[in-house]
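Here's the structure, in structure tokens; my notes come after.
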Amino acid sequence: MLYSAYEMQKSMLAGAGAMADFSAELLSNPANPFAYFGGGQILSSALEVFAHAAAPRGKPEFGLHTTTIDGKTVAVTEEIVLRKPFGQLKRFARAGVSGGPKLLIVAPMSGHYATLLRGTVERMLPVADVYITDWRDAKLVPLSDGKFDLDDYVDYLIEFMEKLGPGAHMLAVCQPSVPCYAAACLMSADKNPCRPKTLTMMGGPIDTRMAPTAVNTLATERPHSWFSQNVIATIPAQYPGAGRKVYPGFLQLARFMSMNLGNHMMSHYEMFKHLVQGEDLEAKQNKDFYEEYRSVCDMTAEFYLQTIDVVFQDHALPKGEMLHRGRRVDPAAITDIAILAIEGERDDISGLGQTKAALDIATSLPDAKKRYYMAEGAGHYGIFNGSKWRTKIAPVLEDWIAAHG
């Protein structure tokens, strides 16, 4: 019922948005004399902002076709290295470039596509052979492909690392910090030769008891039954995944938007002002951000609910109680994987200390293979995108990989 109601609302908004877009173009057309009278530019700008907000969205493209290495432009192509029902391993192949550290960037499965890390990939392309976990929208996965939970997530990561082979590095951005850490523990315990040389975690909820945020509070103030009864929906018949239980991406987006509603309203007002003043480049920057931010996908119900239990309510990993298919995930098993924990000073998703906890629970890892970096002034998004990521954070990651390659 919830999903069907959303689809109906989306269809109505799409129609209204299309009409608003047509009207905005008509009012701003230089050949239309009415564009110069009665606030035509203001009305056109308002309609354009509404049309952009109401437009339906699918999976964005990475759009990374070139990179610069040693001052030379190098062509980049996307390759699918391994396909799985709920995600694929994607490589950004650099033409004529061989060698360099292999880096697996593990994208969050938290309602957005892997393209949210476009800036992360772009910054690392000149220095690494970059791969990324390209997770699939759960509503597109038929029921015949089975389930996908936190245990499956860990299995995928191990298989991806084995595909990259020995000597590769792993970067977890936000949510995947826990499954990446679990995979590192299991691979270390098994002496898997493909275990990562380094594991970097940025803004991840390793121990959410540290500096709890609004996200953590929401996940802990209600019992498991509340989440299963109130935020889980069934995919309707028009999608390949019809009948699958999911946590819808549109609910995740609504939650994040409501957390910073004032900021989002001001951003749209700024977009409106730029359009009125003819500042198309500035307006495009706002549009590009929200184009990505509003592109959301669904998570399987079993993955979402298990994550709520294991990560946010039970704190199983830092307490040494996390299980993977009945087997204990032991942080003490990590003895030679160099761990870098990165946090943003102003992160309102994963509070200060939550990622740093990964260093404390790795009790068998020498201090020389541990490092903590706090990015001053950086919020959650700024850890992996934007100027602070490019100029301050990425060089720390580069040096860590080089030192432990």
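R123 places a side-chain N or O within 3.5 Å of a backbone atom of R390 that can act as its donor or acceptor partner. Panel note: side chain D70, backbone K72; no donor-acceptor pair is recorded below 3.5 Å. Remark: the backbone N or O of L140 is paired with a side-chain donor or acceptor of R136 at under 3.5 angstrom. Looking at Q313, its side chain does come within 3.5 Å of a backbone N or O of R222 through a donor-acceptor pair.
Heavy atoms of other residues, nucleotides or ligands lying less than 6.0 angstrom from NZ of K147 number more than 12. Around atom NZ of K356, no more than 12 heavy atoms belonging to other residues, nucleotides or ligands sit under 6.0 Å away.
A tilted orientation is assigned to the rings of W400 and H404, their planes being inclined by 30° to 60°.
The pair E376-K392 does not count as a salt bridge, with every side-chain nitrogen at least 4.0 angstrom from each carboxylate oxygen.
Under 3.5 Å, the side chains of H224 and D309 contain a donor-acceptor pair of N or O atoms.
Ring centroid separation for the pair F148 and Y156 comes in under the 6.0 Å cut-off. Checked against the 6.0 Å centroid threshold, F303 and Y153 count as a close aromatic pair.
Exactly one of D155, D190, D151 qualifies for a salt bridge (Lys or Arg N to Asp or Glu O under 4.0 Å) with R327. That residue is D190.
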